[in-house]
Each structure stands twice: as structure tokens, then as C-alpha cells.
Participant: 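Input: one structure, supplied below.
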Amino acid sequence: QVQLVESGGGLVQAGGSLRLSCAASPLTFRWYVMGWFRQAPGKEREFVAASTWSALNTYYTASVKGRFTISRGSARNTVNLQMNNLQPEDTAVYYCAAQNHDGIYDSREDYNYWGQGTQVIVSS
């Protein structure tokens, strides 16, 4: 059974950085797209960033371009989200998600597997 486990959330001051990691298991799981979404209180879950398996294609929502970077981790089957210059509006629960097919990268409905989420709080 496929599982996604996020780590790396926490509390940071505005302008600070955090790195989120998503570990997929089993190691034999071969995903097509790995994405990060976030959900702030009272808001819908929104797309943040995504990467294809090869990491040759990466995608970002406009509000995080230039601040966030998605990349394959050094550990097998991990994907990281480096978040720099964090702002209070980035406060949310961040979810890792994976597609087992070549779907639409920013569509929640196209993701087959979801992690439990990790909280990110940015204080002003």
C-alpha cells in the first residue's frame, strides 16, 4: 500500500526558510508526478508545486515562484520543497500528493495518494 509521509513543518518568522520532505513508500512505488498542496484555515486546498519523476519538469503556482523550489531528495523516493522568504500568507497545512498516471499537475482530482499533512506557521 502506497504511503506518503511529510516532515519538516514548523514555526518560522517572516523572511525565514523551511524545507519540507515527502517520503513515498514502498520504495518500488513509481510515481509520475509528485505535488505539494496547501490548505489555510477556511480556504480550499490549493496547488503549490509539482515535479515529474525525472525532475525535468517542475511547476509552481505564481505566488511561490522564485521563493519555493521542488526537487528530488537524496534519499530514494523522496521529494523536497525548499521554502525561502516565507510570508504569513504561506501559513497552512502542506500536503504531499502523488499521481500514478500522467495527469494534470495542478488538479487535486488527478492525485491518487495523499499524505497526512504538515503544519507551517509563519509569524509576522
Side-chain angles (χ1 to χ4, degrees):
Q1 186 169 348
V2 174
Q3 286 189 323
L4 304 178
V5 178
E6 303 98 335
S7 61
L11 172 65
V12 65
Q13 289 187 333
S17 299
L18 284 174
R19 189 177 76 168
L20 305 183
S21 292
C22 176
S25 63
L27 292 179
T28 53
F29 173 52
R30 202 273 196 198
W31 43 269
Y32 281 78
V33 178
M34 188 76 79
W36 287 94
F37 289 73
R38 65 186 180 188
Q39 188 166 18
K43 294 188 176 181
E44 290 194 355
R45 193 170 300 188
E46 65 172 359
F47 169 76
V48 177
S51 172
T52 55
W53 171 269
S54 65
L56 291 178
N57 295 301
T58 56
Y59 311 93
Y60 300 92
T61 192
S63 63
V64 308
K65 279 183 180 177
R67 299 189 299 125
F68 291 12
T69 303
I70 188 170
S71 63
R72 294 291 299 271
S74 57
R76 186 176 175 182
N77 249 11
T78 61
V79 173
N80 298 325
L81 183 68
Q82 178 67 41
M83 307 186 295
N84 298 329
N85 191 22
L86 283 160
Q87 300 300 314
E89 53 266 34
D90 295 315
T91 294
V93 177
Y94 283 71
Y95 296 90
C96 172
Q99 295 182 1
N100 63 2
H101 62 287
D102 190 12
I104 301 172
Y105 65 87
D106 59 352
S107 170
R108 288 177 299 174
E109 290 73 23
D110 271 26
Y111 284 81
N112 308 96
Y113 307 100
W114 291 84
Q116 293 299 308
T118 184
Q119 178 74 57
V120 171
I121 300 173
V122 185
S123 63
S124 57

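Note that the numbering runs from 1 along the sequence shown for the chain.
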Participant: Return the minimal non-hydrogen interatomic distance between His101 and Asn112, and the atom names on each side.
Facilitator: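 Looking at all heavy atoms of both residues, the shortest contact is ND1-OD1, 3.2 Å.
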Participant: Is it the case that atom CG in Leu11 sees more than 12 heavy atoms from other parts of the structure closer than 6.0 Å?
Facilitator: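 Yes, enclosed.
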Participant: Transitively linked via ILVMFWY side-chain contacts under 4.5 Å: Leu86 with Val64?
Facilitator: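 Both belong to a single hydrophobic cluster.
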Participant: Which heavy atom of Tyr60 sits nearest to which heavy atom of Ala49, and what is that distance?
Facilitator: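 For Tyr60 and Ala49, the tightest heavy-atom pair comes out as CD2-CB, 3.6 Å.
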Participant: Let me check something: do Phe37 and Leu20 share a hydrophobic cluster, defined by ILVMFWY side-chain heavy atoms less than 4.5 Å apart, either directly or through other members?
Facilitator: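 Per the 4.5 Å side-chain linkage, Phe37 and Leu20 are not co-clustered.
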Participant: Is it possible for you to say whether Leu81 and Phe47 belong to one hydrophobic cluster, with membership spreading through side-chain heavy-atom contacts below 4.5 Å?
Facilitator: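 In one cluster: no.
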Participant: For Tyr95, is the NZ or CZ atom of Arg45 found under 6.0 angstrom from the centre of its six-membered ring and inside 45 degrees of the ring axis?
Facilitator: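 Yes, Arg45 sits over the ring of Tyr95.
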Participant: If every non-hydrogen atom of Gly117 is compared with every non-hydrogen atom of Val93, which pair is closest and at what distance?
Facilitator: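 Looking at all heavy atoms of both residues, the shortest contact is CA-CG1, 3.9 Å.
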Participant: Closest heavy-atom contact between Ala92 and Ala40?
Facilitator: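 What the structure gives for the nearest pair is CB-N, 3.8 Å.
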Participant: Checking side-chain hydrogen bond (donor to acceptor under 3.5 Å, both in side chains) against Tyr94, which of Gln119, Gln39, Arg38 comes through?
Facilitator: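 Exactly one option meets the side-chain hydrogen bond (donor to acceptor under 3.5 Å, both in side chains) with Tyr94, and it is Arg38.
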Participant: As an exercise, state the distance from CG of Asn57 to CD1 of Ile70, rounded to the nearest 0.5 Å.
Facilitator: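 That separation rounds to 11.5 Å.
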Participant: With a 4.5 Å limit on heavy-atom distance, are the side chains of Tyr113 and Phe29 in contact?
Facilitator: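 Yes - at least one pair of side-chain heavy atoms lies under 4.5 Å apart.
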Participant: Check whether any side-chain N or O of Gln3 sits under 3.5 Å from a backbone N or O of Gln1 as a donor-acceptor pair, and report yes or no.
Facilitator: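 The answer is no, because no donor-acceptor pair under 3.5 Å joins these two groups.
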Participant: Among Val33, Asn100, Asp106, which one satisfies side chain to side chain contact (heavy atoms under 4.5 Å, CB included) with Tyr111?
Facilitator: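 The option that passes is Val33.
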Participant: Does some side-chain heavy atom of Met83 sit less than 4.5 Å from a side-chain heavy atom of Val120?
Facilitator: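 With C-beta onward as the side chain, the pair touches.
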Participant: Between Asn85 and Arg67, is there a donor-acceptor pair closer than 3.5 Å when you use the side chain of the first and the backbone of the second?
Facilitator: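 Not a single qualifying donor-acceptor pair exists.
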Participant: Do Tyr32 and Tyr105 belong together in a cluster built from hydrophobic side chains that touch within less than 4.5 Å?
Facilitator: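 As far as the 4.5 Å side-chain criterion goes, Tyr105 and Tyr32 are connected within one cluster.
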Participant: Nearest 0.5 Å please: distance from the OG1 atom of Thr52 over to the CH2 atom of Trp31.
Facilitator: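 The CH2 atom of Trp31 is 7.0 Å from OG1 of Thr52, to the nearest 0.5 Å.
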Participant: Within a reach of under 6.0 Å around CD of Glu44, are more than 12 heavy atoms found that belong to other residues, nucleotides or ligands?
Facilitator: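 12 or below, so no.
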Participant: Measure from the side-chain N and O atoms of Thr58 to the backbone N and O of Ser51, and report whether any donor-acceptor pair falls under 3.5 Å.
Facilitator: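 No; judged by distance alone, with no hydrogens or angles, the pair does not exist.
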Participant: Could you tell me which non-hydrogen atom of Trp36 sits nearest to which non-hydrogen atom of Cys22, and how far apart they are?
Facilitator: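 Between these two residues, the closest heavy atoms are CZ2-CB, 3.6 Å.
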Participant: Taking only residues at least two apart or on different chains, which pairs with a member in residues 9-22 satisfy side chain to side chain donor-acceptor pair (under 3.5 Å)?
Facilitator: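 Residue pairs passing side chain to side chain donor-acceptor pair (under 3.5 Å), neighbours aside: Ser17-Asn84, Ser21-Asn80.
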Participant: Between Val79 and Arg72, what is the shortest heavy-atom contact and its length?
Facilitator: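 Between these two residues, the closest heavy atoms are CG2-CD, 4.1 Å.
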